[in-house]
Amino acid sequence: MKSRGSITLFLAMLLTCFFSAVFAFLEAARVSGLKANCQISTVQAADTVMASYDRTLWDEYHLLFWQTSESDVPNFDAMESLQQDAVEGNQTSSAGSQKNYYMLQVHLAEVTTNAYQLATDDGGAAFQEEAAEMMKYTVAEETLNTMLAWVTEKDVSGESQTDLESEAIDALETLETAVSADEASSAAGGGETAGASSETESGETVEAASDTGGGGAGTIENTAKGVSVSDNPLTWVKKMKKNGVLAFVMSEETISQKSIDTSSCIMKRTLESGNMNVSSDQTSVEKMLFYLYLEQYFTDAADDSADHVLEYELEYMIAGKAEDQENLKAVVRRLLLIREAANLAYLESDAEKRQEAAAVAVSLAAAVGHPELEPLVQQGILAAWAYAESLSDVRILLEGGKVSLVKTSAQWHTDLGNLSTTVFSVSGDDQTEGLSYENYLVLLMWMVSDEKLAQRAMDMIEKNTGVRMDLMVCRAECDYVYEASPLFWNYVTLGQHTFGTYQFRDQNTISFIGSG
């Protein structure tokens with residue numbers, strides 16, 4: 001016997017509404033899941049770009065950048081396609097692993113790059129920021145604080161430093177002028193020229209100079225003070241200026257002769273630029289971290305140089321010359337200024353050395369018959385002595401030794417009695433206290449604008465690797481459009497209405513800063 005069933009229209013409508021509500025809730029839950037999947041996919045897309053960093057820059061300089069294109073104009077088609085392919089590949093893989101029952105599948109329909117920052121934007125702000133960020137993980141806090149103390153507590157600005165070389169020569173020229181005036185007066189009056197010897201008020205006998213311009217006071221001996229001087233310090237300085245100091249502090253055979261063409265350098269060419277507004281203010285700590293990065297990754301005159309287009313890269317960043325030799329000259333000159341000020345301050349604080357200088361000054365002034373010039377000559381001798389010590393300091397630094405910013409008596413190397421010899425009396429290998437040549441270069445960097453340092457550093461990167469730093473992306477802001485098809489709504493009929501495709505939008509900033 002067959003049973004018959006029936007359902008009322010009201011119950012049918014009630015069941016339809018019930019299941020529609022169930023499917024609506026399921027679809028609403030699925031939409032939330034689709035949104036979350038879109039956000040996950042955006043992160044995956046960004047990670048794909050991050051993993052495609054330029055390997056050359058990473059291997060050589062530990063920098064993370066993405067190269068926009070190999071042409072002369074930034075092009076983000078490759079970045080956008082890379083992200084789409086990655087998202088689609090992940091979605092296909094997820095659907096396959098769920099045996100085609102994956103309910104949260106989305107498709108990345110469009111990727112658009114709206115804003116980006118290049119390495120060269122804002123004077124290389126991104127390059128500086130990334131370099132400083134990387135050094136946070138490699139520099140000890142104690143080292144960082146010590147370097148900051150050096151540049152903030154000591155006067156390394158150059159504003160109050162004295163050119164002691166010129167000061168010593170000025171004293172010599174004053175003596176020469178006085179002698180010339182005496183000779184002219186004697187010739188006009190028919191008198192005798194300055195004698196071969198003279199006696200000071202204290203009974204000290206000194207040898208007079210027959211030609212202060214040609215050799216100064218020759219051999220000057222002050223028996224009362226017990227000071228013996230084989231070289232006139234003032235004449236010695238004049239001779240050094242004439243011959244040049246570069247070969248004096250570094251062997252001519254070892255000075256690099258390399259040069260570069262600066263016409264295509266970053267400061268001289270029209271650069272591609274990004275359109276992202278990023279704050280580029282740097283703290284003192286970040287600036288010092290950047291300088292320490294330069295010190296670590298670029299060569300200098302005291303290095304066992306790598307095979308780079310310039311041997312003296314740090315010197316180039318400081319001086320900006322096309323030739324290694326010219327950059328080294330400029331840096332040596334600036335180092336001398338730093339050391340001269342410190343060495344003169346030490347001499348003026350050492351009573352014994354001041355007495356030595358005074359004794360020689362008395363001898364020189366009396367030898368030419370002008371004792372009233374003794375104070376000026378004494379200051380010139382102190383300047384000459386400090387200058388000679390500074391030459392010794394720079395030579396020690398270039399040999400790999402260290403020199404303290406403020407010296408003690410035990411760290412003083414030159415002897416006023418024999419400057420020519422004692423300048424070479426100490427080997428750099430034996431000097432282990434104080435700052436190295438690289439440390440002093442960091443002090444010099446503090447006097448150069450960060451923009452110039454960054455641009456010149458990027459010059460070296462471009463010359464050594466062949467990359468274009470104004471095509472290297474540090475940050476990029478992208479918009480993403482995802483699409484997904486309805487699932488549970490397909491089981492619900494509402495008149496003639498059909499449901500179309502969902503669209504979800506997301507945005508993300510891809511940044512290599514802090515990714516090292």
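Along the sequence shown, residues carry numbers from 1.
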Supply the atom-to-atom distance [X] [atom1] to [Y] [atom2], rounded to the nearest 0.5 angstrom.
X: Asp470; Y: Ser273; atom1: CG; atom2: OG; answer: 9.0 Å
X: Leu289; Y: Met147; atom1: CG; atom2: CE; answer: 11.0 Å
X: Gln83; Y: Glu110; atom1: CD; atom2: CD; answer: 12.5 Å
X: Arg475; Y: Met276; atom1: CZ; atom2: CE; answer: 7.5 Å
X: Arg55; Y: Gln67; atom1: CZ; atom2: CD; answer: 14.0 Å
X: Thr422; Y: Trp385; atom1: OG1; atom2: CH2; answer: 9.0 Å

What's the shortest heavy-atom distance between [X] and [Y], and which atoms?
X: Glu130; Y: Cys474; result: OE1-SG, 4.0 Å
X: Leu34; Y: Ala484; result: CD1-CB, 3.9 Å
X: Met79; Y: Ala476; result: SD-CB, 4.2 Å
X: Gln84; Y: Leu108; result: NE2-O, 3.2 Å
X: His308; Y: Asn464; result: CB-OD1, 3.4 Å
X: Ala388; Y: Val423; result: O-CG2, 3.8 Å

Counting distance only, does the side-chain N/O of [X] pair as donor-acceptor with the main-chain N or O of [Y] below 3.5 Å?
X: Glu313; Y: Thr299; answer: yes
X: Ser349; Y: Tyr346; answer: yes
X: Asp303; Y: Asp300; answer: yes
X: Tyr440; Y: Val403; answer: yes
X: Asp506; Y: Ile40; answer: no

Under a plain distance cut-off of 3.5 Å, with no hydrogens placed, do [Y] and [X] share a side-chain donor-acceptor pair?
X: Glu167; Y: Tyr387; answer: no
X: Trp66; Y: Ser52; answer: no
X: Lys268; Y: Ser263; answer: no
X: Asp324; Y: Ser256; answer: yes
X: Tyr482; Y: Thr42; answer: yes
X: Asp121; Y: Tyr116; answer: no
X: Glu477; Y: Thr113; answer: no

Carboxylate-amine/guanidinium contact Lys402 Glu433, below 4.0 Å: no
Carboxylate-amine/guanidinium contact Glu315 Arg456, below 4.0 Å: no
Contacts of Lys407 that satisfy salt bridge (Lys or Arg N to Asp or Glu O under 4.0 Å) - sequence neighbours left out: Glu389, Asp393
With sequence neighbours excluded, residues passing salt bridge (Lys or Arg N to Asp or Glu O under 4.0 Å) with Lys353: Asp350
Asp450 vs Tyr291, side chain to side chain donor-acceptor pair (under 3.5 Å): CA-CA, chis, key distance, verdict: CA-CA 9 Å; Asp450 293 337; Tyr291 300 159; 2.5 Å; yes
Ring centres under 6.0 angstrom apart (Phe248, Phe424): yes
Ring centers of Phe504, Tyr480 separated by less than 6.0 Å: no
Any side-chain heavy-atom pair of Arg339 and Leu336 under 4.5 Å: no
[X] atom [atom1]: more than 12 heavy-atom contacts under 6.0 Å:
X: Lys287; atom1: NZ; result: yes
X: Lys239; atom1: NZ; result: no
X: Asn277; atom1: CG; result: no
X: Arg269; atom1: CZ; result: yes

